[in-house]
Amino acid sequence: MHKSFLLILFAVFAFVSIACSCSSEKSQKEAGGANIQTTDGEKAESSDFTTYENSENGFSMAYPPICYPQNDDAELEKSFRGKLFIGEGAMLSAQCHVKDNGSAYDQSYFDMQYEWASSISDGTEILKNEKSSTEYVVKSAGKEMVHNQRAIFKNGKIYQVDYSYPVSAREKHDKFVDEVLASLKVK
């Protein structure tokens with residue numbers, strides 16, 4: 001089931017990437033609040049971020065002004081256990097993963113998720129790779145795509161934020177990554 005979920009997620013990402021590249025770019029909001037210093041020295045405007053809260057699954061995260069919610073249907077959000085956002089070539093997802101039957105995952109499955117997220121292919125550069133027993137952050141850049149993922153393992157559930165975009169869109173998205181990943185909160 002995990003492989004089929006990944007295939008579905010990849011298909012959604014491919015569709016979204018094509019749709020985003022065909023649409024015209026939306027203008028970014030004017031700066032209006034405190035600046036957040038990111039690791040690459042660029043500034044992100046935190047006052048422009050919007051918080052997404054999933055009370056049913058007990059987590060929240062913030063998303064930048066250049067990303068827009070996609071699954072506004074309550075049933076789709078419930079089955080996805082989260083929300084999908086797209087914007088200017090990027091796909092951002094926030095989800096809570098549990099087994100199909102609703103039972104809990106164990107530590108070995110969380111560790112396997114981390115191994116999958118941190119595995120590299122030819123030409124991929126790992127930008128950040130940190131892991132504890134209950135959390136990981138992996139940031140990587142390949143020849144075509146940049147992948148940023150943070151996961152928290154709590155009570156047998158994996159809460160995950162995944163922010164991916166083409167290398168050509170790094171200037172637009174890199175400045176938001178650290179704040180998006182840090183914003184994942186689990187109750």
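Side chains are part of it too, since the values below use all heavy atoms of this structure and drop only hydrogens, waters and symmetry mates.
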In terms of heavy-atom contacts, F80 and A94 come closest through CE2-O, 4.4 Å
From the list K131, E115, Q149, K128, side chain to side chain donor-acceptor pair (under 3.5 Å) with Y136 holds only for Q149
Shortest non-hydrogen pair, A151 vs F110, comes out as CB-CE1, 4.1 Å
ask   = Do K139 and D174 have side-chain heavy atoms sitting under 4.5 Å apart?
value = no
Can you find a pair of side-chain heavy atoms, one from N148 and one from Y165, that are under 4.5 Å apart?
yes
Contacts of N57 meeting side-chain hydrogen bond (donor to acceptor under 3.5 Å, both in side chains) (sequence neighbours excluded), chain-then-number -> N54
Interatomic distance, CE@M61 vs NZ@K83, rounded to 0.5 Å, equals 11.0 Å
Q) Under 4.5 Å between any side-chain heavy atoms of K185 and E53, yes or no? A) no
Find out if a path of hydrophobic residues (ILVMFWY) with successive side-chain heavy-atom gaps under 4.5 Å connects V161 to V98.
no
* To do: Answer whether the closest heavy-atom distance between the side chains of Q95 and Y159 falls below 4.5 Å.
  => no
For G89 and P166 the tightest heavy-atom approach is O-CD, 3.0 Å
**Hydrophobic cluster membership, V167 vs L127, 4.5 Å side-chain cutoff** = no
Problem - N129 vs Y114, side chain to side chain donor-acceptor pair (under 3.5 Å): CA-CA, chis, key distance, verdict - result: CA-CA 10 Å; N129 188 347; Y114 163 74; 2.5 Å; yes
Note: L184 and F59 closest approach over all heavy atoms is CD1-CD1, 4.0 Å
Enclosure of K99 NZ (heavy-atom neighbours >12, cutoff 6.0 Å): yes
d(L92 CG, L84 CG) to nearest 0.5 Å is 8.0 Å
- Check whether Y163 and V186 end up in the same hydrophobic cluster, where Ile, Leu, Val, Met, Phe, Trp and Tyr are linked by side-chain heavy atoms less than 4.5 Å apart. yes
F176-F49 aromatic ring centre distance below 6.0 Å: yes
Output for pair (F85 CZ, I66 CD1), nearest 0.5 Å, gives 13.5 Å
Margin query: Using a 3.5 Å distance criterion without hydrogens, assess whether the side chain of Q107 forms a donor-acceptor pair with backbone atoms of S133.
Written below: yes
Q) Are H147 and S164 close enough that a side-chain donor and a side-chain acceptor fall under 3.5 Å? A) yes
Do E88 and H173 pair up side chain to side chain, a donor and an acceptor below 3.5 Å, judged on atom types alone? no
Separation between OG (S183) and CG (D178), nearest 0.5 Å, reads 11.0 Å
To the nearest 0.5 Å, atom OH of Y109 lies from atom NE2 of H97 at 7.5 Å
**Message:** Within the structure provided, determine whether K78 and E56 are in side-chain contact (heavy-atom separation under 4.5 Å).
**Reply:** yes
Q.
Whether the side chain of K154 engages the backbone of K187 through a donor-acceptor N/O pair (distance < 3.5 Å, no angle test) should be reported.
A. yes
Report yes if some heavy atom in the side chain of F153 is under 4.5 Å from a heavy atom in the side chain of E135; otherwise report no.
no
Closest non-hydrogen contact found for S140 with I126 is CB-CD1, 3.9 Å
_In the structure I gave you, are the side-chain heavy atoms of L181 and V137 within less than 4.5 Å of one another anywhere?_
yes
Side chain to side chain contact (heavy atoms under 4.5 Å, CB included) filter on T134, not counting sequence neighbours, yields S132
Hey, are Y52 and E77 close enough side-chain-wise for a donor-acceptor pair under 3.5 Å?
yes
*asked:* Taking Y68's backbone N and O only, do any of them form a donor-acceptor pair with Q70's side chain (distance below 3.5 Å, no angle check)?
replied: yes
Interatomic distance, CE@M91 vs SG@C67, rounded to 0.5 Å, equals 11.0 Å
